[in-house]
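Some notes on the structure that comes next.
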Amino acid sequence: MNWDRWTAQAWEVRERAYAPYSGFAVGAVVVADDERSFVGCNVENLSYSLTQCAERVALGAAVAAGVRKLVAVVVVADTREPISPCGACRQVLAEFGDPEVLLVGREGFERFRLGELLPRASTGILDRS
Ligand code: THU
């Protein structure tokens with residue numbers, strides 16, 4: 001697991017965030033089971049609710065490249081404490097596995113499994129028998 005490289009990629013892509021409405025830039029990296037990594041930044045819109053979070057932009061790039069299983073996600077923002085993915089992003093990421101999620105802020109980081117952030121995402125649906 002190459003956390004330092006993925007975190008550097010996330011800070012880099014954060015610089016390209018399009019966030020004129022909130023002024024809040026986010027960078028994300030998703031990592032596939034073959035260790036390919038894909039970057040995303042938030043893309044805001046005048047019609048605010050159409051904003052795309054950094055995590056889902058990165059995920060879209062990964063899926064378009066053929067990825068079906070994630071092993072890691074990194075999210076960075078210039079906040080004292082790390083931010084964490086919104087509920088919608090948790091759900092969308094959970095479609096592609098139970099990656100480790102590294103959340104990075106200015107003064108530290110935290111690491112979770114996605115399943116800790118969104119318990120029971122597929123129980124009773126994908127696991128039906
Ligand atoms: N945002 C993300 O891109 N990812 C997160 O995990 C939290 C929030 C974006 C959405 C919006 O453009 C801005 O941050 C403020 O919420």
Side-chain angles (χ1 to χ4, degrees):
M1 296 295 242
N2 209 335
W3 294 108
D4 286 347
R5 187 166 69 87
W6 299 328
T7 302
Q9 289 176 327
W11 284 118
E12 186 186 342
V13 69
R14 178 182 167 278
E15 295 294 322
R16 299 196 284 276
Y18 178 72
Y21 303 105
S22 72
F24 189 75
V26 181
V29 169
V30 301
V31 183
D33 52 356
D34 62 5
E35 295 244 332
R36 279 185 299 162
S37 59
F38 299 86
V39 299
C41 56
N42 50 332
V43 182
E44 297 190 343
N45 192 268
L46 176 62
S47 179
Y48 293 178
S49 67
L50 296 180
T51 289
Q52 300 177 74
C53 295
E55 295 90 328
R56 274 179 282 166
V57 171
L59 177 67
V63 172
V67 171
R68 291 294 180 269
K69 187 169 191 312
L70 299 181
V71 296
V73 176
V74 179
V75 184
V76 305
D78 190 23
T79 51
R80 192 164 50 78
E81 286 190 46
I83 64 164
S84 72
C86 75
C89 285
R90 293 176 198 205
Q91 180 73 35
V92 171
L93 291 167
E95 184 79 15
F96 299 96
D98 184 23
E100 295 196 63
V101 181
L102 179 69
L103 307 173
V104 182
R106 267 200 310 275
E107 292 180 13
F109 64 88
E110 288 185 90
R111 210 160 99 185
F112 302 91
R113 298 302 298 234
L114 182 60
E116 296 176 74
L117 299 176
L118 186 71
R120 299 177 64 85
S122 63
T123 308
I125 303 174
L126 301 183
D127 300 342
R128 70 185 181 275
S129 55

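Order of appearance sets the numbers: ligands from 1, and atoms from 1 within every ligand.
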Apply side-chain contact (heavy atoms from CB on, under 4.5 Å) to the pair R5 and S37, showing each step before the final yes or no. CA-CA 10 Å; R5 187 166 69 87; S37 59; 4.2 Å; yes

Please report the C-alpha distance between V101 and L117 in whole Å, then the side-chain angles of each, then the deciding distance to 0.1 Å, and finally whether the side-chain contact (heavy atoms from CB on, under 4.5 Å) criterion is met.
CA-CA 9 Å; V101 181; L117 299 176; 4.2 Å; yes

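Screening T7, I83, V30 against V75 for a side chain to side chain contact (heavy atoms under 4.5 Å, CB included) leaves a single residue, I83.
Around CZ of F112, the count of heavy atoms belonging to other residues, nucleotides or ligands within 6.0 Å exceeds 12.
Pairs passing the side-chain hydrogen bond (donor to acceptor under 3.5 Å, both in side chains) check and including a residue from residues 42-55, sequence neighbours excluded, read S22-E44.
Scanning both residues, V104 and P82, for their nearest heavy atoms gives N-CB, 3.9 Å.
Contact shell of ligand 1 (protein heavy atoms, cutoff 4.0 Å): S22, F24, V26, N42, E44, T51, C53, A54, E55, I83, S84, P85.
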